[in-house]
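Naming convention: chains lettered A, B, ... in sequence-line order (proteins, then strands); numbering from 1 in each chain.
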Protein chains: 2
Amino acid sequence: MTSVPKLTDHTGYWMRMVSNAVSQEFARKVSGEDVTVAEWSFMRSLYDSEPTPPSVLAKKMAMTKGAISKLAERLMAKGLVEKTESQEDRRAHNLSLTTEGRAKIPVLASLADQNDADFFGVLTKEEHETLDRIMRVLAEKRDLKATPVD
Amino acid sequence: MTSVPKLTDHTGYWMRMVSNAVSQEFARKVSGEDVTVAEWSFMRSLYDSEPTPPSVLAKKMAMTKGAISKLAERLMAKGLVEKTESQEDRRAHNLSLTTEGRAKIPVLASLADQNDADFFGVLTKEEHETLDRIMRVLAEKRDLKATPVD
DNA sequence: TTGATTTAGTTTCCTAGTCAACAAGGAACT
DNA sequence: AGTTCCTTGTTGACTAGGAAACTAAATCAA
């Protein structure tokens with residue numbers, strides 16, 4: 001018998017399901033701070049290297065510059081990010097967190113910690129470590145460096 | 001020192017990254033058959049239980065009925081799915097694969113196999129089995145039953 | 001220095017979802 | 001039967017992102 005494999009026969013299927021659930025739950029958590037997952041990712045990336053041009057953020061987050069442009073605009077509208085014109089290059093500008101934006105970082109980070117704990121806390125320490133290691137191996141093999149967002 | 005955890009400190013981060021890469025690569029593969037990942041998932045779900053009402057598909061795929069309605073319309077436009085009116089309930093109808101749609105299933109399924117192999121083939125057999133098991137445990141704990149799509 | 005090419009960022013159009021409002025049929029209660 | 005409530009599916013408004021066209025500025029080449 002040559003039966004067609006089921007959706008559930010693939011590891012990718014389960015990973016997508018779990019990953020989506022993790023993201024959705026995290027989205028729910030951060031929505032209390034009036035922020036989306038993409039916005040958190042943007043802000044956390046910025047936190048490491050302010051001020052930073054949009055083009056660098058785009059690379060870091062593996063998003064198009066168009067998407068970054070719109071994301072930055074939303075964050076500026078919320079007063080969490082600000083733009084400063086570049087001196088050297090009149091096309092360019094740099095993005096930074098506002099005081100308000102920076103103040104949110106530890107709050108959001110602790111929600112991220114909490115989310116990981118909520119999902120992976122059911123695993124044994126060893127299982128969790130194994131999972132983490134395998135994910136990093138897979139990312140490494142594919143040369144995945146960016147911050148995924150959706 | 002109370003430093004803020006990095007994005008990369010969370011297992012969820014790596015999982016989202018790997019999962020997105022798996023999905024994107026699969027999307028690329030099935031696009032050659034002029035089908036999206038959501039469409040594949042829809043068709044494969046249907047394959048198990050034709051004919052089936054949209055409402056059941058929505059549950060199975062964890063999508064809103066609105067999304068299913070539009071997805072079904074796209075698939076009908078492509079001639080891969082067809083609709084038959086229900087006899088008992090004049091609001092309802094059932095969805096089935098067309099002959100053409102059914103013929104695509106084994107092709108797409110083998111692309112799914114290929115995709116899993118491409119990504120997880122770099123792991124040892126034991127690692128792959130462990131990963132698969134952990135994913136199923138996590139899905140089980142959260143009572144995740146549906147077919148994720150994006 | 002001027003013309004061509006490259007780069008930075010924005011904007012427009014498209015896709016694919018959610019959510020909420022809706023129409024219409026069915027079911028249940030009186 | 002009539003009223004109310006529930007269920008089925010569709011639609012429209014909205015959101016978030018990608019792709020590509022576009023603008024303006026910088027760089028490079030002759």
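- At whole-Å resolution of the value, CD in Glu73(B) and P in dA16(C) are 12 Å apart.
- Counting non-hydrogen atoms of other residues, nucleotides and ligands closer than 6.0 Å to CD of Glu73(A) gives a total of 12 or fewer.
- Rounded to an integer number of Å, the gap from Lys65(A) NZ to dG18(D) C1' is 12 Å.
- Residue Thr64(A) has no polar side-chain atom (N or O) positioned under 4.0 Å from OP1 or OP2 of dA19(D).
- Within residues 89-97 of chain A, the residues approached by DNA chain D to less than 4.0 Å at the level of any non-hydrogen atom are Asp89(A), Arg90(A), Arg91(A), in residue-number order.
- Applying the salt bridge (Lys or Arg N to Asp or Glu O under 4.0 Å) rule to Asp48(B) yields the partners Arg44(B); only residues at least two apart in sequence or on another chain are considered.
- Rounded to whole Å, the distance from CD1 on Ile68(B) to C1' on dT8(D) is 14 Å.
- Residue Glu39(A) contributes atom CD, which lies 7 Å from atom P of dA16(D) at whole-angstrom precision.
- Residues meeting the salt bridge (Lys or Arg N to Asp or Glu O under 4.0 Å) test with Asp9(B), sequence neighbours left out: none.
- Rounding to whole angstrom units, CG of residue Leu71(B) and P of dA16(C) are separated by 9 Å.
- Every residue two or more places apart in sequence or in another chain was checked for a salt bridge (Lys or Arg N to Asp or Glu O under 4.0 Å) with Lys70(B), and none qualifies.
- In this model, a side-chain donor or acceptor of Lys70(A) finds a partner on the base of dG18(D) within 3.5 Å.
- Shown here are the side chain to side chain donor-acceptor pair (under 3.5 Å) partners of Thr130(B), two or more places apart in sequence or in another chain: there are none.
- A heavy atom lying under 4.0 Å from DNA chain C marks the following residues of residues 26-36 of chain B, by number: Thr36(B).
- Using a 4.0 Å cut-off, some side-chain N or O of Lys83(A) falls inside it from OP1 or OP2 of dT10(C).
- The salt bridge (Lys or Arg N to Asp or Glu O under 4.0 Å) check on Arg90(A) picks up nothing, with sequence neighbours excluded.
- Side-chain contact check for Gln114(B) and Asp118(B): at least one donor-acceptor pair (N or O, by modelled atom type) lies under 3.5 Å.
- An OP1 or OP2 oxygen of dT7(C) is reached within less than 4.0 angstrom by no side-chain nitrogen or oxygen of Ser55(A).
- Remark: Arg74(A) engages no residue in a side chain to side chain donor-acceptor pair (under 3.5 Å) (not counting sequence neighbours).
- Between the CG atom of Asn20(B) and the C1' atom of dA16(D) there is a distance of 14 Å, given to the nearest Å.
- A straight line from CZ of Phe42(A) to C1' of dA16(D) spans 15 Å, rounded to a whole angstrom.
- In this structure, Glu88(A) places its CD atom 22 Å from P of dA24(D), rounding to the nearest Å.
- Every residue two or more places apart in sequence or in another chain that forms a side chain to side chain donor-acceptor pair (under 3.5 Å) with Thr11(B) is listed here: His128(A), Asp132(A).
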